[in-house]
Amino acid sequence: MSTPSDSTTPTLVTPSLLRDWPLPAPGDDKYSRGAVLVIGGARVTPGAALLAGISALRAGAGKITLAVAESVAVQVGVALPECGALGLPENAGGSVTGEGLDRISSYLERADAMLIGPGLDDLELAESLLRTLLEREESHAAPGTEGGPAVVLDAFALGGLVKVEDVLEPWRGRLILTPNPTETGILLGRDVGDLGADVAEVARRFDAVVSCQGYIAGPGAETADDSTLWKITTGYGGLGTSGSGDVLAGAIAGLRARGTSDAQAACWGTHLHAAAADRLASKLGPLGFLARELADELPALMLELNT
């Protein structure tokens, strides 16, 4: 596989590239396919966590747990019977707070990928949640050990990320970020110009893999040689629909839980998300399909590319 001449020249993510970068084998049981923990789902936006969880399962993750506002946890568990549903403390408005995370400690310890953000609806509380999780990890880390689950951040968690940059060290090197262009500008503290270059700047700043509107940037990837910038070659405007970003983040988290590298999960997940939109557009037209339908397309697309 060829390597781009510099970090500003993207490697095109084509079906051929993905076939040469195959996903891990399914494994023998659900435990070998990885566990995803989604933290989000305020009282008024539990569907975002649901979409992310469904997408993670459709991408092949073996187990999914949704940690959402306690007032909607039962309903979420009924809506997605394949998940575990945990209630998190919330304020009077139904926004998830950074308190009471001890109730999900065992799930944090068993997760292969942790997705934070879908359905969070308060920036200050998102910052508090991130800070509490980082402090918890810092205090629970065994001497001389490294690592932990991959950490995928989306939506309001991205706004909180800027505010916890001073204590981000426990997560550096295992972050995957899924901003839209507006959120990319927030992460940089300025307006976005050249999107590819700006996504690469975010990746360097936070030592993360970043997927934004068809560009993926990161510090490197295993079998893709030393590429640091990729560009998706498919995708339809129908992706601009409510919940689409939650499906993307969930797909990436699900693939990462299966044992991919961060960059492979982002490249595969972003391509599958875009290809699913193309497929739906060809059947239903460019407008009107739902984000939940994107997730339903993922298994067949993976089968076509990973055989």
Novice: Please tell me if the side chains of V210 and L187 come closer than 4.5 Å, counting only heavy atoms from C-beta onward.
Specialist: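 Side-chain contact under 4.5 Å: no.
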Novice: Report the C-alpha distance between R256 and V152 in whole Å, list the side-chain angles of each, state the deciding distance to 0.1 Å, and finish with yes or no for side-chain contact (heavy atoms from CB on, under 4.5 Å).
Specialist: CA-CA 9 Å; R256 181 61 183 83; V152 185; 5.5 Å; no
Novice: Can you name the closest pair of heavy atoms from S211 and I252 and give their distance?
Specialist: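 Looking at all heavy atoms of both residues, the shortest contact is CB-CD1, 4.4 Å.
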Novice: Would a 4.5 Å heavy-atom cut-off, applied to side chains only, mark L88 and L101 as touching?
Specialist: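 Counting from C-beta outward, L88 and L101 do come under 4.5 Å.
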Novice: If two hydrophobic side chains count as joined below 4.5 Å and joins carry through other members, does L153 share a cluster with V167?
Specialist: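 As far as the 4.5 Å side-chain criterion goes, V167 and L153 are connected within one cluster.
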Novice: Verify salt bridge (Lys or Arg N to Asp or Glu O under 4.0 Å) between E82 and K30, making sure each step is shown before the conclusion.
Specialist: CA-CA 12 Å; E82 296 87 353; K30 62 185 178 183; over 6 Å; no
Novice: If you compare all heavy atoms of L66 against all heavy atoms of C83, which two are closest, and at what distance to 0.1 Å?
Specialist: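 Looks like CD1-SG, 4.0 Å.
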Novice: How close do V78 and P81 get, heavy atom to heavy atom, and via which atoms?
Specialist: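 Answer, listing the atom of V78 first, then P81: O-CD, 3.5 Å.
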Novice: Is there a continuous path of hydrophobic side-chain contacts, each under 4.5 Å between heavy atoms, that joins L50 to L290?
Specialist: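 Each belongs to a different hydrophobic cluster.
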Novice: Roughly how far apart are I39 CD1 and L115 CG, rounded to 0.5 Å?
Specialist: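 With rounding to 0.5 Å, CD1 (I39) is 8.5 Å from CG (L115).
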Novice: Which residue, L248, L298, L301, forms the side-chain contact (heavy atoms from CB on, under 4.5 Å) with H273?
Specialist: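 Of L248, L298, L301, side-chain contact (heavy atoms from CB on, under 4.5 Å) with H273 is met by L248 alone.
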Novice: Nearest 0.5 Å, please: how far is CD1 in I232 from OG1 in T14?
Specialist: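 If I round to the nearest 0.5 Å, the distance is 9.5 Å.
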Novice: Is a donor on one side and an acceptor on the other found under 3.5 Å between the side chain of Q264 and the backbone of P22?
Specialist: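 Between the backbone of P22 and the side chain of Q264 there is a qualifying donor-acceptor contact (under 3.5 Å).
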Novice: Quick one: closest heavy-atom pair of A295 and V247, and the distance?
Specialist: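 Where A295 meets V247 most closely, the heavy atoms are N-CG1, 4.1 Å.
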Novice: From E135 CD over to S128 OG, what is the distance, rounded to the nearest 0.5 angstrom?
Specialist: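 So the gap between those two atoms works out to 8.5 Å.
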Novice: What is the minimum heavy-atom distance between A266 and V209, and which atoms define it?
Specialist: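 Nearest heavy atoms, A266 then V209: CB-CG1, 3.6 Å.
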Novice: Looking only at atom types and distance, does a side-chain atom of T184 sit under 3.5 Å from a main-chain N or O of N180, one as donor and one as acceptor?
Specialist: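 Checking the backbone N and O of N180 against the side chain of T184, a donor-acceptor pair under 3.5 Å is found.
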Novice: Is a salt bridge present between R131 and E124, judged by a nitrogen-to-oxygen distance below 4.0 Å?
Specialist: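 Looking at R131 and E124, the cut-off is not met.
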Novice: Quick check against the 3.5 Å criterion: does D246 have a side-chain atom that pairs as donor or acceptor with the backbone of L51?
Specialist: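 Not at all, since once roles are kept as given, no pair shorter than 3.5 Å links the two residues.
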Novice: Is there a donor-acceptor pair closer than 3.5 Å between any side-chain N or O of S244 and the backbone N or O of L239?
Specialist: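 Answer holds: yes.
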Novice: For E165 and R172, what are the C-alpha separation, side-chain angles and deciding distance, and is it a side-chain contact (heavy atoms from CB on, under 4.5 Å)?
Specialist: CA-CA 10 Å; E165 193 172 356; R172 287 190 178 274; 3.8 Å; yes
Novice: Among R58, R279, K283, which residue satisfies the salt bridge (charged side-chain N to carboxylate O under 4.0 Å, His left out) criterion with D296?
Specialist: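 With D296 as partner, salt bridge (charged side-chain N to carboxylate O under 4.0 Å, His left out) holds for just one option, R58.
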Novice: Distance from L129 atom CG to F156 atom CZ, nearest 0.5 Å?
Specialist: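 That separation rounds to 13.0 Å.
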Novice: So, W230 side chain and A263 main chain: donor-acceptor pair closer than 3.5 Å or not?
Specialist: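 The answer is no, because no donor-acceptor pair under 3.5 Å joins these two groups.
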Novice: Between the side chain of D207 and the main-chain N/O of G173, is any donor-acceptor distance below 3.5 Å?
Specialist: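 Answer holds: yes.
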Novice: Are the side chains of V72 and E90 in contact, using a 4.5 Å heavy-atom criterion?
Specialist: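 E90 does not reach V72 side chain to side chain.
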Novice: Does P149 offer a backbone N or O that forms a donor-acceptor pair with the side chain of D112 under 3.5 Å?
Specialist: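 Not a single qualifying donor-acceptor pair exists.
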Novice: Donor-acceptor check, side chain of E127 to backbone of V164, threshold 3.5 angstrom: yes or no?
Specialist: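 No; judged by distance alone, with no hydrogens or angles, the pair does not exist.
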Novice: For the residue pair A52 and P118, what are the closest heavy atoms and their distance?
Specialist: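 Closest heavy-atom pair between A52 and P118: CB-CG, 4.0 Å.
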Novice: Using the salt bridge (charged side-chain N to carboxylate O under 4.0 Å, His left out) definition, which of the options R205, R204, R190 pairs with D198?
Specialist: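 One option only clears the test, and that one is R190.
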Novice: Return yes if some donor-acceptor pair links the side-chain N/O of E183 with the main-chain N/O of L158 below 3.5 Å, else return no.
Specialist: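 No, E183 side chain to L158 backbone: no donor-acceptor pair under 3.5 Å.
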Novice: Using the side-chain contact (heavy atoms from CB on, under 4.5 Å) rule, take T260 and W268 through it: C-alpha gap first, then chi angles, then the decisive distance, then the call.
Specialist: CA-CA 10 Å; T260 68; W268 265 89; over 6 Å; no
Novice: Taking the side chain as every heavy atom from C-beta outward, state whether L23 and R258 have any atom pair closer than 4.5 Å.
Specialist: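 Contact flag for L23/R258 side chains = yes.
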Novice: Is P15 close to E304 at the side-chain level, that is, under 4.5 Å between some pair of heavy atoms?
Specialist: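 No. Closest side-chain heavy atoms not under 4.5 Å.
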Novice: Go through the steps for L17 and L12 under the test side-chain contact (heavy atoms from CB on, under 4.5 Å), then give the verdict.
Specialist: CA-CA 8 Å; L17 181 145; L12 299 181; over 6 Å; no
Novice: If you count heavy atoms of other groups shown closer than 6.0 angstrom to CD of E201, is the number above 12?
Specialist: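 More than 12 within 6.0 Å, yes.
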Novice: Measuring from Y107:OH to T65:OG1, what's the distance to the nearest 0.5 Å?
Specialist: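 Atom-to-atom, Y107:OH and T65:OG1 are 6.0 Å apart.
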Novice: If hydrophobic clusters are built from ILVMFWY residues whose side chains come within less than 4.5 Å, do L294 and L284 share one?
Specialist: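 L294 and L284: one cluster.
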Novice: With no hydrogens and no angle check, do the side chains of D121 and S95 hold a donor and an acceptor under 3.5 Å apart?
Specialist: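 Yes.
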Novice: With distance as the sole test, does T234 use its side chain to make a donor-acceptor pair with the main-chain N or O of A275 at under 3.5 Å?
Specialist: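 Judged by distance alone, no pair lies under 3.5 Å.
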Novice: Membership question, hydrophobic clusters at under 4.5 Å side-chain separation (ILVMFWY): are L108 and L175 in the same one?
Specialist: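 Yes, one cluster joins them.
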Novice: Taking atom CG as the centre, does D102 end up with more than 12 heavy-atom neighbours from other residues, nucleotides or ligands that are less than 6.0 angstrom away?
Specialist: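 It does: D102 CG has more than 12 such atoms within range.
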Novice: Mind checking whether M302 and L280 sit in one hydrophobic cluster, side chains of I, L, V, M, F, W, Y counted as touching below 4.5 Å?
Specialist: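 Not linked; separate clusters.
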Novice: Roughly how far, to the nearest 0.5 Å, is CD1 of I216 from CG of L177?
Specialist: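 Taking CG in L177 and CD1 in I216, the distance rounds to 13.0 Å.
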Novice: Quick one: does L305's side chain get under 4.5 Å of H271's, heavy atoms only?
Specialist: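 L305 vs H271: side chains touch.
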Novice: Would you say F289 and E297 make side-chain contact, with heavy atoms under 4.5 Å?
Specialist: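 Heavy-atom side-chain distance check fails, nothing below 4.5 Å.
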Novice: Hey, are the side chains of L120 and L125 touching, using non-hydrogen atoms and a 4.5 Å cut-off?
Specialist: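 The answer is no, as the side chains (C-beta and beyond) never meet within the 4.5 Å cut-off.
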